[in-house]
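Each remark here refers to the structure printed beneath this line.
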Amino acid sequence: MDLQLKGRAALVTGSSRGIGRAIVTALAREGARVCLSARGAEGLAQAAAELRASGAEVVTVVGDVATPEGAAAAVDAAVRAFGALDVLVNNVGGSGGAGAFDVATAAQWKDVVDRNLMAAVWCSQHAVEGMKARGGGCIVHINSIYGREYGTSAPYTAAKAGLMALTKEMALDLARHRIRVNGVAPGSVLFPGGSWDRRRQAQPEKVEKMVREELPWGRFGTPEEVADVVVFLCSERARWVTGATVPVDGGQGRAF
């Protein structure tokens, strides 16, 4: 199936590893030009080198999109490199170790909300004006099944629920500009250096029990399985899909 992404310009935040890296790899495989953004220069350089070796057109920008200035810099870097921006994937997130409502600190609330909700707001605000002038575009927010249901981190659950609401609001508001906005809600995903990898090393028996009892297919998801759905949503094949948040969780989520 031709996803008609060849030559399209895409920015993916948090793309030096994990789900973000899988997304840029999948976009590049479809012929898109990709801008990678993350806070760590070393990880970005390694990811970019591997993509260039496969023949992909790649640029990188180091910065923190959880700030308005960092978000603007990332979008501007993509536009300077490619002349336009067709696709934005807001992937930055994470719970930052914040826990339940009665223990999460004010600093944790700010950090988690900025990373999971406001980074998407700031990147999208900066990208939308160029997409309007270009006659359309596509934005995908990486959410979580815990945007739909209870999770043990109050700031993370609240931020992801807000991101899901934002997805629908943006989709309706921006449809007149031919800008589609969707979300993808992964379940538990395993990759080297990720949170589940660290938990499995620290508490193997507890994680094994979780996999057995909470994951219907008896395994974690992979970044590539999430990326495949994201890339489809970025493509013309999904041109009549907007305002949706698609679970990619192997049935882990319990929400209807």
Side-chain angles (χ1 to χ4, degrees), residues 1-15 18-37 47 51 54-59 75 78-79 81-91 93 120 123-124 127-128 130-145 147-148 163-164 166-187 189 217 221-253:
M1 180 184 291
D2 181 6
L3 296 181
Q4 301 173 40
L5 284 166
K6 188 173 182 179
R8 295 293 180 93
L11 166 64
V12 182
T13 68
S15 47
I19 292 173
R21 186 163 177 173
I23 292 169
V24 294
T25 300
L27 284 168
R29 189 180 301 122
E30 293 295 326
R33 300 172 292 165
V34 291
C35 178
L36 286 67
S37 168
L51 286 168
S54 70
E57 185 175 347
V58 180
V59 296
V75 173
V79 173
F82 304 136
L85 186 62
D86 302 299
V87 172
L88 169 64
V89 180
N90 290 306
N91 173 64
C123 286
S124 299
V128 156
M131 289 182 177
K132 287 179 182 178
R134 192 165 170 77
C138 177
I139 298 172
V140 177
H141 302 310
I142 305 304
N143 205 300
S144 166
I145 58 171
R148 295 177 174 271
L163 185 60
M164 187 171 295
L166 179 69
T167 300
K168 179 66 76 172
E169 189 281 333
M170 285 177 62
L172 299 182
D173 187 50
L174 297 173
R176 66 186 185 276
H177 300 293
R178 301 297 183 262
I179 299 172
R180 293 187 301 108
V181 185
N182 289 294
V184 167
V189 173
W217 284 66
T222 69
E224 292 75 19
E225 288 167 327
V226 178
D228 285 344
V229 178
V230 173
V231 172
F232 170 73
L233 289 174
C234 292
S235 78
E236 282 299 304
R237 296 292 183 176
R239 59 187 172 271
W240 203 233
V241 182
T242 194
T245 296
V246 182
V248 187
D249 64 354
Q252 180 183 359

Shortest non-hydrogen separation from Phe82 to Val59 and the atoms involved: CZ-CG2, 3.7 Å
Could you walk me through whether Val241 and Leu233 satisfy the side chain to side chain contact (heavy atoms under 4.5 Å, CB included) test, starting with their C-alpha distance in whole Å, then the side-chain angles of each, then the deciding distance to 0.1 Å, before giving a yes or no? CA-CA 7 Å; Val241 182; Leu233 289 174; 3.9 Å; yes
Nearest heavy-atom approach of Val87 to Val89 is CG1-CG2, 4.1 Å
Side chain Asn182, main chain Gly243, donor-acceptor under 3.5 Å: yes
Nearest non-hydrogen partners of Pro186 and Ile19, listed with the distance: CG-CD1, 4.2 Å
Donor-acceptor pair, Asn91 side chain versus Val12 backbone, under 3.5 Å? no
Minimum heavy-atom separation for Arg237 and Asp2, please, with both atom names. NE-O, 3.0 Å
If you round to the nearest 0.5 Å, how far is OG1 of Thr245 from CD1 of Ile142? 10.0 Å
Heavy-atom donor-acceptor pair, Arg180 side chain to Trp240 backbone, under 3.5 Å: no
Taken to the nearest 0.5 Å, the spacing of Leu3 CG from Arg29 CZ works out to 11.0 Å
Could you please spell out the steps behind the side chain to side chain contact (heavy atoms under 4.5 Å, CB included) verdict for Leu36 and Leu51? CA-CA 10 Å; Leu36 286 67; Leu51 286 168; 4.0 Å; yes
Nearest 0.5 Å, what's the CD-NZ distance between Glu30 and Lys6? 11.5 Å
Provide the closest heavy-atom pair for Ser124 versus His141 in the form atom of the first, atom of the second, distance. OG-CE1, 3.6 Å
Looking only at atom types and distance, does a side-chain atom of Arg148 sit under 3.5 Å from a main-chain N or O of Ala185, one as donor and one as acceptor? no
Within the distance-only criterion (no hydrogens, no angle test), does the side chain of Ser235 pair as donor or acceptor with the backbone N or O of Gln4 below 3.5 angstrom? no
Note: Val128 and Ile179 closest approach over all heavy atoms is O-CD1, 4.1 Å
Determine whether a donor-acceptor pair (N or O, by modelled atom type, separation under 3.5 Å) exists between the side chain of Arg21 and the backbone of Ser15. no
Met131 and Leu174: CA distance, side-chain angles, deciding distance, side chain to side chain contact (heavy atoms under 4.5 Å, CB included) verdict: CA-CA 10 Å; Met131 289 182 177; Leu174 297 173; over 6 Å; no
Given side chain to side chain contact (heavy atoms under 4.5 Å, CB included), test Val230 with Cys234 step by step and report yes or no. CA-CA 6 Å; Val230 173; Cys234 292; 4.2 Å; yes
How many angstroms lie between atom CG of Leu172 and atom NZ of Lys168, to the nearest 0.5 angstrom? 6.0 Å
